[in-house]
Amino acid sequence: MQLESILQQRFGYSSFRSGQKEVIEQILNGKDVIALLPTGMGKSLCYQLPGYVLNKTVLVISPLLSLMQDQVDQMKLFGEKRVIALNSFLNKEEKNRVINGLEQYRFIFISPEMLAQRQVQQKLNRIELSLIVVDEAHCISQWGFDFRPDYLRIGEMFGTSRSPILALTATATNKVLEDIELYLNMKEPFKYIHSVDRPNIHLSKMSFSNREEKLEWLFQHVSNTAGPGIIYTQSRSKTHSISETLLQNGISAASYHGGMDLLDRQFIQQQFIEGTLDWIVATNAFGMGIHKQDVRQIIHESIPSNMANYMQEIGRAGRDGNDAVAILLYSEHDEELAKFVGIDDLPLEQHVDIFEEYQRNGQDATQMLKQGEISETAFRVLNYWMEQKTPNEVKTIFQNMKIEKMQKVEEVMKLITSDTCMRETLVHYFGQTLNDKPEQCCINCGLDLAQLLIAKEEKNLSSFSMTWQERITNLLTKKS
DNA sequence: CGTGATGCGCTTAAGCGCATCACGGTGCGTTAAT
């Protein structure tokens, strides 16, 4: 077959992984495609290969600058020179130069915000695209409505006779799939839906009556069992306090959150990936685009704000296919903070009124921002919805968002309090059915955690002998 | 909405009881003030 020979020649693989060929064939037939593929199943091949077959520019819309940078570096490493990330890392001159010569690139990575700029759109409309890719497409639904509204504008950016769109994601509920289809203006897309279940991730949970007991258990647990692992917590300050306590107890740990310096974040991430750092204590900022194979534990010190986040976060464990555990910790009233944080930054009814007032007087509504009446995020979100709907409709939309966010926390609470199989609950939440349960399924199915976890000393010994072997190998290769 | 830190007033002047207050996630791009 022709596709196989391109796969062999260009990428050096002898066969496709499940889903890849179906997805690529549909793209080559000119169809829109939504592909739900687990991480590590070769999503990027699904657009790289068509890029070479169709021989025109591929546009990849990506949520994070660091993610774009990684992918560009990766492709350059494999010999592709005609690849660029069009984002704010470029200065004004560089940006203009790139935009003016846009057609010379085979792969262009871009953020939704940059894509929304008129200058960029005008240029893009004049060049021929073979394919439009939306990477991490669940962001449309996860971030579009109340955080990064430009995610909802992607569909508008391209005319009616546009190139096919490929939406890629690892976790999407039926509602998220609907949102993707709707906001990307897709026409009867082909859907490739892989199971979201990850049988080698074993699920557990524990409840405590107060925070101290919970933290005490956490510190005991991390002292006695081996990483590498990620501890997810609710606030930036908690990432620091927990990692400091771990450090004081001689455990290799560092904190990570969105308010930290970009270089610090990259440094910590790098150390974790290389294996010189055992534990990361993080907010939900940590994880997207982290390709670490051997994460053994995911511990939620605080309740995740919804099931989708929980699924994505535990999904960072066990990419190598070996056993990993996810432990969800809960102490009374934890859900209150999750609810508060979720709705805290949504625009209020009074903001809608003020915005309308400015508009009616023919004034620039951005004055709200300058006068500190509203946060930057809330203003951008408000601005989007005021373009789309009437003020009363906008008020209803925000009211419904609040209710929805609280309900989503309650759904996680059900996972915490219920006796039914955690894996089944999760898989059902994503609109799928669970065919096989692993032997060590979840705590409600009689999981033996101790058997799955490696004691800390054991791990240290093996890692010591590993580094010793590596040293010898290094010595030998240097001498020869 | 709940938590934890801080502060105040009271009083077998060192520590208790209670009130008050600050704080709380996710990222893009651009720009103003040093």
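The ring-ring contact (aromatic ring centres under 6.0 Å, His included) check on A:Phe107 picks up A:Tyr52, with sequence neighbours excluded.
Panel note: side chain A:Ser141, backbone A:Val176; no donor-acceptor pair is recorded below 3.5 Å.
Classification of the A:Phe145-A:Trp385 ring pair by plane angle, with boundaries at 30° and 60°, yields parallel. Under the 30°/60° scheme for interplanar angles, the aromatic rings of A:Tyr310 and A:His300 are found to be tilted. Ring geometry, A:Trp143 versus A:Phe147: the interplanar angle exceeds 60°, so the pair is classed perpendicular (tilted spans 30 to 60°).
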Worksheet item: Given Watson-Crick or G-U pairs with both distances under 3.5 Å, what dot-bracket string fits DNA chain B, with | for other-strand pairs and [ ] for crossing?
Response: ((((((((((....))))))))))..........

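Side-chain polar atoms of A:Gln312 and A:Asn284 form no donor-acceptor pair below 3.5 angstrom.
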Practice prompt. Produce a footprint string for nucleotides 28-34 of chain B: one letter per nucleotide, 5' end first; B if the base is under 4.0 Å from any protein heavy atom, S if only the sugar-phosphate is, - if neither.
Written response: SBS----

Item to complete: Output, in order, the C-alpha distance, side-chain angles, deciding distance and verdict of salt bridge (charged side-chain N to carboxylate O under 4.0 Å, His left out) for A:Asp294 and A:Arg319.
Response: CA-CA 6 Å; A:Asp294 62 343; A:Arg319 299 252 168 99; over 6 Å; no

Practice prompt. Report the C-alpha distance between A:Glu332 and A:Arg211 in whole Å, list the side-chain angles of each, state the deciding distance to 0.1 Å, and finish with yes or no for salt bridge (charged side-chain N to carboxylate O under 4.0 Å, His left out).
Written response: CA-CA 8 Å; A:Glu332 273 179 55; A:Arg211 241 200 99 197; over 6 Å; no

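Put simply, CD1 on A:Ile343 is 9 Å from C1' on B:dC1, counting in whole angstrom units. A:Leu115 has its CG atom 16 Å from the C1' atom of B:dG27, to the nearest Å.
Here A:Arg236 reaches the OP1 or OP2 of B:dT26: one of its side-chain N or O atoms lies under 4.0 Å away. In this model, the phosphate group of B:dC23 is not approached by any side-chain N or O of A:Ser235 to a distance below 4.0 Å at OP1 or OP2.
Within 4.0 Å (heavy atoms only), A:Arg265 reaches sugar-phosphate atoms of the nucleic acid but no base atom. If you check every strand for non-hydrogen atoms under 4.0 Å, A:Gln142 touches nothing.
B:dG17 and B:dA13: their P atoms are spaced 15 Å apart (whole Å).
Classification of B:dA13 as syn follows from a glycosidic angle within 90° of 0.
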